[in-house]
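All values derive from a computational prediction rather than experimental measurement. A note on names: the letters A, B, ... follow the listed sequences, proteins ahead of strands, and every chain is numbered from 1.
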Amino acid sequence: MLQELSWKVGGQQGEGIDSTGKTFATSLNRMGYYIYSYRHFSSRIKGGHTNDKVRVSTSQKGSSADFLDILVAFDQETIDFNGHELHAGGIVIGDAKFNPVLPANIAPNVRLFAIPFTKLAEQSGAVIMKNMVALGATARVMGLDPKFCAPVLQSLFGRKSQKIVDQNLEAVQAGYDALDAEGADFSEYQLAPPVPDNHLLMIGNDAIGFGALAAGARVMPAYPITPASDVMEYLIKKLPLVGGVVVQTEDEIAALNMTIGAAYAGARALTATSGPGLSLMMEAMGLAGMTETPVVIVDTQRGGPSTGLPTKHEQSDMFAVLFGNHGEIPKIVLAPSTPEECFYATVDAFNYAEKYQCPVILITDLALSLASQSVKPFDYDAVTIDRGRLASAEELAQTPQGQMFKRYERTQNGISPRVFPGQKGGIHHVTGVEHSEIGRPDEVASNHTAMMDKRLGKFRNVELPNSVSYSGDANPDVLLVGVGSSAGPIAEALARLKQEGLKVGHAHVKVLSPFPAKTLQSYLDKAKQVIVTESNGTGQLLHLMRFAGLAHAEMSSFLKYDGTPFLPNEIATQVKGSMLVWQR
Amino acid sequence: MATVKEFRNNVRPNWCPGCGDFAVQAAIQRALGNLDLEPEQVAIISGIGCSGRISGYVNAYGFHGVHGRSLPVAQGVKLANHDLTVIASGGDGDGFGIGMGHFMHAARRNMDITYIVMDNQIYGLTKGQHSPTSAFGFKAKTTPAGNIENAISPLQIALAAGITYLAQGFSHDVNQLTELIQGGIEHKGFSLINVFSPCVTYNKVNTYEWYKQHIVHLEDFPDYTADDRSAAMAKVAETDGLCTGLVFRDDTRKPFDQLIQGYRPEPIIAQDLTLERAVFDKAMAEFA
Ligand SMILES: Cc1ncc(C[n+]2csc(CCOP(=O)(O)OP(=O)(O)O)c2C)c(N)n1
Ligand code: SF4
Ligand SMILES: [Mg+2]
């Protein structure tokens, strides 16, 4: 029995490929299996190949599988484009309608089954249910009860009409029976029963939206962009329930300036964008830093530069996020690596923003933002709201008549009391011009130095908790360093290498600013060799490490920038190929 | 109740003597003093330019942002706390050059804020370049041979964008300006008060005298009722945009802030931010 299985469905965009993958993944997730599902799509709505690769496992996996067991195809292009991923003995199920054939470069013993998806769907009531027929055939291969997707179909269509649910189930059964009639042996694809466990299925962007909701966010101005839009689409459904609001602005410049306005006035506010929008936000990000306004900015990295690869994966905004705005401001950059971390990091982002009174950027990558993954339910009690240093009523009452409140009072730790418009005794000025303690423009040399020290000093010698995670051998021959969604494939590569008897370690950077130099160096010190694994063409993370003063005699980059995330095998192979020390 | 005095502060503006912006400052202070408001209930958000300094020259909460972006910030403030009286302000370059996109969208979005533009048809702070409202043929540092671009009409753009309160004033007439600003603040929706506010240092064409000679007063047209958008368009065209007074007003539309789905009368900043466990659990169950 298999502990895991990799399945892919493909066809033309607009054909319901997404919903097929989603129904499949959600159904299995509800049964207790762990899911990792990654969509391949392009920047058009109708037409163009799309596919959804779903990994089903009895234990948690943070990455797509290296190979494919089952490929479900709605057109020949799907087979030609994805066939090479099938391992020997893999299964292809295609719609008989297009007379599927296997390409020449296919692995040995791959079996092709032509099932009349479209015809059977028609017989069940409607062509659109051809996806259900495909799920039925899939169920037959995997030894699943054809009713495995009944609960999900019930929640999808049950409220509309029971008839739709029944027709869909009929279509699933028809697909099941049609493949069964082929009399083939699928015993090697039987999936082991799941270990009963309760988990959710979500994309990183959902977790960010949910995190913002839980953290008390109330205002989200944003401009749509892939792969960030889901965050605003989630919150536009949720914020009205709690008295909050999402505004679709005219551009990202407006989005961040409006976020700043809302935060200045006392709301917890966020915006979300991707590369092109991030570039437009740079001036306002500087304003937030200069005026010490707590805003949360989500940057979901996609392929760059320029419009780049809007629907593909990359990790190439790190420099832009850290160094993109002019002048020098303090900022926090959090880089979660799983949907769970997205949730808790979003909560942290709001608390840090208000504690340190600076912009907090939550940086993700496309794979993290958009891949559906099984996650443990979030802990309500772990969500706390800390609004930072707010001026008390007594303090405000002490503001002398006719004088302004010292909103930018120079303090030991650089953090000054905040006050919101509307509060008596709190009137002060805010400006992006260098200013005095009451916020008046003040260009005197000594004042500028003092105010720069106040702002930048907030993070002098600060390392935020959980800035780096570590697993693996304590004194590894090879240490892998990564950031973002590569945590999953690195962890898996590590496990395989370990099984082969290699001494490997994995340090994952979860905070890019303030950079956890000390902790990371301590891991470097224990390793014989360091490989920094990242999805970009210039090795930004490695540069950041060097910039922060980190050093190691044997440190190199493993880069990938073809628009697809790392697979475990690629990393394992790279490590073995470049290892300096072999102790096997 | 605060009077005009409470809206004055002890800061001396760094404007050139004679600059039109002094009158705008005075009119804002008077308008606020005439209304039943306390200084802390008012937030003035301004852009960058000589005019942009205004947020520091009125005793109220003031926010001086970046060039051209006063409107997005002001709208954010209003979203967070709709109990505040929110005024956005800046120059013609700030509002109709770099910030033009925000201006049109703010007008159509129709939040309850008041936008005051000090239009001197020049870039003052950067020392005399032409602006989007500079006339064709106008000579400035960046148009030594005369402006070869046409001036935009902020009033017509505002009308086309669906503005619900539109007025134009002149720094020479503080009384009228005060009334127009007061009307804009009282109006429930987005208002623009465009003010001819001469730059005495860099604009030697559009001087106080020039405006006095060219401006017509809408009050002088007894038939003009300022409640018809196309009539307003026509009047602006007819006067070449050189009219003062109330140009247009529509009080029938609800402002954005009240149309928000799930609108609550208490402002966002008064809410308890803790998410109820039941809402949390329900949201989580959606991912099962
Ligand atoms: C993004 C950006 N570009 C350019 C500038 C330089 N700048 C400052 S004020 C200004 C124009 C000011 O003209 P206007 O808005 O008409 O204001 P005025 O000084 O005439 O009152 C410019 C171009 C800037 N501060 N920011
Ligand atoms: S330069 Fe012009 S706009 Fe600026 S303060 Fe002087 S007169 Fe006023
Ligand atoms: Mg100007």
Max heavy-atom pair count under 4.5 Å with chain B, selected residue of A:Ala214, A:Ser374, A:Ser372: A:Ala214
For A:Tyr408, does the OH atom sit with more than 12 other heavy atoms under 6.0 Å from it, leaving out its own atoms? yes
Does A:Pro221 reach the side chain of B:Gln75, with side-chain heavy atoms less than 4.5 Å apart? no
Determine whether more than 12 heavy atoms belonging to other residues, nucleotides or ligands lie under 6.0 Å from atom CD of B:Glu276. no
Between B:Asn81 and A:Phe420, is any pair of side-chain heavy atoms under 4.5 Å apart? no
For B:Leu275 versus A:Tyr380, what's the shortest heavy-atom pair and its separation? O-OH, 2.6 Å
Is there a side-chain contact between B:Pro39 and A:Ile427, using heavy atoms and a 4.5 Å cut-off? yes
For B:Thr85, is it the side chain, the backbone, both or neither that has a heavy atom under 4.5 Å from a heavy atom of chain A? neither
Between A:Lys237 and B:Glu286, is the salt bridge (Lys or Arg N to Asp or Glu O under 4.0 Å) condition met? List the steps. CA-CA 12 Å; A:Lys237 285 182 267 176; B:Glu286 288 166 9; over 6 Å; no
Contacting moiety of B:Val11, where chain A heavy atoms sit under 4.5 Å: side chain
Could you tell me whether B:Tyr61 and A:His428 have their ring centroids closer than 6.0 angstrom? yes
Below 4.5 Å, heavy atoms only, C-beta onward: do A:Gln403 and B:Asn10 meet side chain to side chain? no
Most contacts with chain A, counted as non-hydrogen pairs under 4.5 angstrom, among B:Gly52, B:Ala43, B:Pro267, B:Ser55: B:Ser55
Pick one of side chain, backbone, both or neither for B:Phe256, based on which atoms fall under 4.5 Å of a heavy atom in chain A. side chain
Quick check for you: among B:Arg69, B:Glu6, B:Lys78, which has the greatest number of heavy-atom pairs under 4.5 Å with chain A? B:Arg69
I'd like to verify something: which residue of A:Ser155, A:Gly216, A:Ala267, A:Gly243 has the highest number of heavy-atom pairs under 4.5 Å with chain B? A:Gly243
Return the NE2 to NE2 distance between B:His64 and A:His435, rounded to the nearest 0.5 Å. 12.0 Å
Using heavy atoms and a sub-4.5 Å threshold, report which of residues 251-260 of chain A line up against chain B, by residue number. A:Asp251, A:Ile253, A:Ala254, A:Asn257, A:Met258, A:Ile260
Which pair of heavy atoms, one from A:Pro441 and one from B:Arg53, lies closest together, and at what distance? CG-NH1, 3.6 Å
Nearest 0.5 Å, please: how far is CG in B:Leu71 from CD in A:Glu250? 8.5 Å
Honestly, the part of A:Gln401 sitting under 4.5 Å from a heavy atom of chain B is neither
Most contact-rich option vs chain A, by heavy-atom pairs under 4.5 angstrom, among B:Ala288, B:Gly76, B:Ala283, is B:Gly76
Positions in residues 94-106 of chain B that reach chain A, provided some heavy atom is under 4.5 Å away: B:Gly101, B:His102, B:His105
Could you pull out the closest heavy-atom pair between B:Met284 and A:Phe378, with the gap in Å? SD-N, 3.3 Å
What class does the angle between the rings of B:Phe280 and A:Phe210 fall in, given that below 30° is parallel, 30 to 60° is tilted and above 60° is perpendicular? tilted
Does any backbone or side-chain atom of A:Tyr234 lie under 4.5 Å from a heavy atom of chain B? Answer side chain, backbone, both or neither. side chain
What part of B:Asn9 lies closer than 4.5 angstrom to a heavy atom of chain A: side chain, backbone, both or neither? side chain
Contact leader toward chain B among A:Gly432, A:Ala284, A:Ala269, A:Pro240, where contacts are heavy-atom pairs under 4.5 Å: A:Pro240
When heavy-atom pairs shorter than 4.5 Å are enumerated against chain A, which of B:Glu266, B:Gln41, B:Gln271 gives the highest number? B:Gln271
Which portion of A:Met290 sits near chain B, non-hydrogen atoms under 4.5 angstrom: neither
Side chain from CB out, backbone as N, CA, C, O: work out which of these in A:Val242 comes under 4.5 Å of a heavy atom of chain B, or both, or neither. both
Taking the side chain as everything from C-beta on, heavy atoms only, tell me whether A:Leu287 gets closer than 4.5 Å to B:Phe63. yes
Check: A:Val245 and B:Asp257 side chains under 4.5 Å, non-hydrogen atoms: no
Between A:Glu283 and B:Val66, which heavy-atom pair has the shortest distance, and what is it? OE2-CB, 3.6 Å
Side-chain contact test, heavy atoms from C-beta onward, threshold under 4.5 Å: evaluate it for A:Val247 versus B:Leu79 and give yes or no. yes
Rounded to the nearest 0.5 Å, what separation is found between the CG atom of A:Leu241 and the NZ atom of B:Lys282? 7.0 Å
Using non-hydrogen atoms and a 4.5 Å limit, figure out which bit of A:Leu201 sits close to chain B: side chain, backbone, both or neither. both
Portion of B:Arg277 that has a non-hydrogen atom of chain A nearer than 4.5 angstrom: both
Which region of A:Leu239, side chain (C-beta onward) or backbone (N, CA, C, O), has a non-hydrogen atom less than 4.5 Å from a non-hydrogen atom of chain B, or is it both or neither? neither
Chain A: which of B:Ala74, B:Gly62, B:Ala285, B:Ala80 shares the most heavy-atom pairs with it under 4.5 Å? B:Gly62
Search all heavy atoms of B:Ile269 against all heavy atoms of A:Gly266 and return the closest pair with its distance. CG2-C, 3.6 Å
Among A:Gly286, A:Gly244, A:Gly425, A:Ala262, which residue forms the greatest number of heavy-atom pairs with chain B at distances under 4.5 Å? A:Ala262
Counting only heavy atoms not in A:Lys22, do more than 12 fall under 6.0 Å of its NZ? no
Please classify the contact between B:Ala60 and chain A as side chain, backbone, both or neither, with a heavy-atom cut-off of under 4.5 Å. backbone
Closest approach of B:Leu273 to A:Arg218 (non-hydrogen atoms, all atoms of both residues): CA-NH2, 3.8 Å
